[in-house]
Amino acid sequence: MKILLLAAVLALAGCASTGGGGMPPVDVSGADVSRRSLDNGDTIEEYRVSGQLRMVKVTPARGAPYYMYDGNGDGKLDSNRDGVSPVYWKLYSW
């Protein structure tokens with residue numbers, strides 16, 4: 001019984017240590033943020049560092065916000081080989 005309890009506590013501790021502390025995977029410190037609202041109620045926030053686009057946060061009128069990143073710093077949002085940009089949702093935060 002003690003081993004099962006210990007395993008559960010260690011698993012919870014491992015989950016609590018993941019998640020990145022709410023920080024995006026790209027450096028957006030000191031970024032200029034421009035916000036605009038679309039006609040359908042969506043809000044788009046663009047984060048630019050030294051004029052280069054680093055991250056876009058889209059907050060739909062309904063639903064959870066999602067993010068698109070420029071991971072390699074070339075000023076273009078990341079895409080896979082088919083030209084589709086990956087989209088990231090924040091599932092939880094502490």
Side-chain angles (χ1 to χ4, degrees):
M1 182 67 180
K2 289 182 182 180
I3 293 174
L4 191 60
L5 181 62
L6 179 63
V9 169
L10 289 176
L12 287 175
C15 291
S17 65
T18 60
M23 298 298 297
V26 295
D27 182 24
V28 291
S29 58
D32 296 323
V33 181
S34 62
R35 292 177 180 86
R36 60 187 165 116
S37 296
L38 301 178
D39 293 336
N40 63 358
D42 294 353
T43 303
I44 297 175
E45 298 177 30
E46 294 181 349
Y47 294 78
R48 295 182 182 270
V49 177
S50 300
Q52 286 190 332
L53 182 64
R54 296 302 311 257
M55 180 175 83
V56 175
K57 177 183 177 184
V58 179
T59 306
R62 295 183 181 180
Y66 59 92
Y67 302 84
M68 294 176 281
Y69 300 109
D70 173 23
N72 57 4
D74 64 354
K76 299 177 184 175
L77 297 176
D78 294 339
S79 63
N80 63 12
R81 64 178 179 198
D82 297 328
V84 177
S85 296
V87 177
Y88 302 92
W89 282 270
K90 181 186 271 188
L91 298 178
Y92 64 93
S93 65
W94 299 102

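FYI, side chains are in, hydrogens and waters are out, and symmetry mates aren't considered; it's all heavy atoms of this structure.
The cluster map of Ile, Leu, Val, Met, Phe, Trp and Tyr, joined by side-chain heavy atoms under 4.5 Å apart, puts Leu53 and Val58 in the same cluster. Tracing side-chain contacts under 4.5 Å through hydrophobic residues (I, L, V, M, F, W, Y), one never reaches Val49 starting from Val33; they form parts of separate clusters.
Here Tyr47 contributes atom OH and Asp32 contributes atom CG; the two are 12.0 Å apart, rounded to the nearest 0.5 Å. Met55 CE to Asp70 CG: the interatomic distance, rounded to the nearest 0.5 Å, is 11.5 Å. The structure places OG1 of Thr59 at 9.5 Å from CD1 of Ile44, a figure rounded to the nearest 0.5 Å.
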